[in-house]
Amino acid sequence: MTEVSSLTGRLLVATPALSDPNFDRAVVLLLDHDEEGSLGVILNRPTPVGVGDILVSWADLTAEPDVVFQGGPVSLDSALGVAVIPGDEGPLGWRRVYGAIGLVDLEAPPELLAAALGSLRIFAGYAGWGPGQLETELTEGAWYVVESEPGDVSSPRPEQLWRAVLRRQRSELAMIATYPDDPSLN
């Protein structure tokens, strides 16, 4: 088996050719990627459900829009908290994933993290890939892999994140941002 180079902390940006409706124009933050598989959350799928409707104690700490995001098609009945915490040390109840981005223990008292939080987003479910599955999709051209920025986690306009992430690339990917939603209408 070949060694997997970790993509943890990077973004998977769906190519226009990706036909799976779960990932149409998705921007996925990879929270874990190794030889055992991959796990991430879709950053640009807000739901109409308010954080206060399911996790009252965390509602005042979430970034706008303060709704739950659909993190992916797997385990929609579970919640993940992803937070940006600046600085070298994170508080109890937070585990660094990449740079300033980390996972929040939603069972911890919110006041443990409140003072340190730069931003917080709550996700229902996640996107997951078995061993080698993501690498196959990458080889098939389903995803662009780009660097993440801490602001991607809490973008105030998540519906524009796919275009914004592509537009900031210093390559031909920036032109993909202009790809029409429905190319047949072009």
Side-chain angles (χ1 to χ4, degrees), residues 9-14 16 18 20-31 39-87 90-91 93-128 143-144 146-169 176-182:
R10 298 212 170 62
L11 297 178
L12 298 178
V13 180
L18 184 60
D20 183 339
N22 289 308
F23 297 106
D24 182 46
R25 304 255 170 148
V27 177
V28 178
L29 173 65
L30 282 175
L31 300 171
L39 179 139
V41 289
I42 302 173
L43 298 177
N44 58 335
R45 294 280 192 280
T47 71
V49 179
V51 172
D53 295 339
I54 59 164
L55 292 169
V56 174
S57 59
W58 291 98
D60 290 340
L61 300 175
T62 57
E64 289 294 326
D66 59 349
V67 297
V68 175
F69 281 64
Q70 184 177 341
V74 182
S75 294
L76 290 171
D77 58 344
S78 66
L80 282 169
V82 177
V84 174
I85 296 186
W94 181 78
R95 181 178 60 85
R96 186 177 312 279
V97 171
Y98 183 82
I101 299 168
L103 290 169
V104 172
D105 176 0
L106 295 174
E107 299 294 322
E111 51 274 5
L112 282 178
L113 293 109
L117 282 177
S119 64
L120 170 67
R121 183 109 329 133
I122 304 295
F123 297 91
Y126 62 90
W143 301 99
Y144 304 120
V146 301
E147 295 297 321
S148 64
E149 294 181 1
D152 295 335
V153 171
S154 59
S155 172
R157 292 182 296 285
E159 67 284 350
Q160 296 174 11
L161 190 60
W162 186 83
R163 290 186 194 283
V165 168
L166 288 172
R167 196 171 287 124
R168 74 177 183 229
Q169 303 309 307
I176 303 293
T178 63
Y179 197 85
D181 292 333
D182 184 352

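All residue numbers refer to positions in the sequence shown, counting from 1. In this text the structure is predicted, and so the values were computed from the model without any measurement.
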Visitor: Rounded at 0.5 Å granularity, tell me how far CD in Q160 sits from CZ in R25.
Guide: 13.0 Å
Visitor: Show me, pair by pair, the donor-acceptor contacts under 3.5 angstrom made by side chains of residues 47-55, not counting sequence neighbours?
Guide:
residue, atom, partner, partner atom, Å
T47, OG1, V49, N, 3.2
T47, OG1, V68, O, 2.7
D53, OD2, G50, N, 3.3

Visitor: Does G9 offer a backbone N or O that forms a donor-acceptor pair with the side chain of S148 under 3.5 Å?
Guide: yes
Visitor: Can you measure from CD1 (I85) to OG (S119) and round to the nearest 0.5 angstrom?
Guide: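 That separation rounds to 9.0 Å.
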Visitor: Around atom CZ of R157, are there more than 12 heavy atoms from other residues, nucleotides or ligands closer than 6.0 Å?
Guide: no
Visitor: Evaluate the side chain to side chain contact (heavy atoms under 4.5 Å, CB included) criterion for residues L103 and V82: first the C-alpha distance (whole Å), next the side-chain angles of each, then the deciding distance (0.1 Å), finally the verdict.
Guide: CA-CA 5 Å; L103 290 169; V82 177; 4.0 Å; yes
Visitor: If we ignore hydrogens and angles and just use 3.5 Å, is the side chain of R163 paired with the main-chain N or O of A177 as donor and acceptor?
Guide: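 The answer is yes, because a donor-acceptor pair under 3.5 Å joins these two groups.
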Visitor: Could you check whether any side-chain heavy atom of L43 comes within less than 4.5 Å of a side-chain heavy atom of L11, counting everything from C-beta outward?
Guide: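 A side-chain contact exists here, since the closest heavy-atom pair is under 4.5 Å.
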Visitor: What are the two closest heavy atoms between P150 and V84, and how far apart are they?
Guide: O-CG2, 3.5 Å
Visitor: Is the shortest heavy-atom distance from the side chain of S155 to the side chain of N44 under 4.5 Å?
Guide: no
Visitor: Under the salt bridge (charged side-chain N to carboxylate O under 4.0 Å, His left out) test, which residues partner R168, sequence neighbours left out?
Guide: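 R168: salt bridge (charged side-chain N to carboxylate O under 4.0 Å, His left out) contacts with E149, D152.
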Visitor: For L31 and Y98, what are the C-alpha separation, side-chain angles and deciding distance, and is it a side chain to side chain contact (heavy atoms under 4.5 Å, CB included)?
Guide: CA-CA 8 Å; L31 300 171; Y98 183 82; over 6 Å; no
Visitor: Look up atom CZ in F123 and atom CG in L76, then write down how far apart they are to the nearest 0.5 Å.
Guide: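 Here the rounded value is 13.5 Å.
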Visitor: Start with the C-alpha distance between D24 and W162, add both sets of side-chain angles, then the distance that settles side chain to side chain contact (heavy atoms under 4.5 Å, CB included), and finish with yes or no.
Guide: CA-CA 10 Å; D24 182 46; W162 186 83; over 6 Å; no
Visitor: Calculate, to the nearest 0.5 Å, the distance between atoms CG and CG belonging to L120 and D60 respectively.
Guide: 11.0 Å
Visitor: Indicate yes or no: at least one non-hydrogen side-chain atom of I42 is less than 4.5 angstrom from one of Q70.
Guide: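 They are not in contact (no side-chain heavy atoms under 4.5 Å apart), so the answer is no.
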Visitor: Would you indicate whether the side-chain heavy atoms of L112 and P91 approach each other to under 4.5 Å?
Guide: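 No, their side chains stay 4.5 Å or more apart.
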Visitor: Among I122, L117, V67, find the one that has a side chain to side chain contact (heavy atoms under 4.5 Å, CB included) with T62.
Guide: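 It is I122, the one option of I122, L117, V67 that forms the side chain to side chain contact (heavy atoms under 4.5 Å, CB included) with T62.
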Visitor: Could you measure the distance from the CG atom of L80 to the CG atom of D105? Nearest 0.5 Å is fine.
Guide: 11.0 Å
Visitor: Any chance you could lay out the side chain to side chain contact (heavy atoms under 4.5 Å, CB included) test for V28 and W143, step after step, and finish with the verdict?
Guide: CA-CA 10 Å; V28 178; W143 301 99; 4.0 Å; yes
Visitor: Less than 4.5 Å apart, side chain to side chain, heavy atoms only: is that true for W58 and V104?
Guide: yes
Visitor: List the atom of P110, the atom of L61, and the distance in Å for their closest heavy-atom pair.
Guide: CB-CD1, 3.7 Å
Visitor: With side chains defined as the heavy atoms from C-beta onward, is the minimum distance between F69 and V41 less than 4.5 Å?
Guide: no
Visitor: Would you name the heavy atoms of P86 and A116 that are closest together and state the gap between them?
Guide: CD-O, 3.8 Å
Visitor: Over all heavy atoms of both residues, which pair between A14 and L18 is shortest? Give the atoms and the distance, please.
Guide: CB-CD2, 3.6 Å
Visitor: Has the side chain of R121 got a donor or acceptor atom that lies under 3.5 Å from a matching backbone atom of V153?
Guide: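 Yes, because the side chain of R121 sits within donor-acceptor range (under 3.5 Å) of the backbone of V153.
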Visitor: Between A108 and G93, what is the shortest heavy-atom contact and its length?
Guide: CB-CA, 4.2 Å
Visitor: What I'd like to find out is whether the side chain of Y144 reaches to under 4.5 Å of the side chain of V165, using heavy atoms alone.
Guide: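 Result no, sub-4.5 Å side-chain heavy-atom pair not found.
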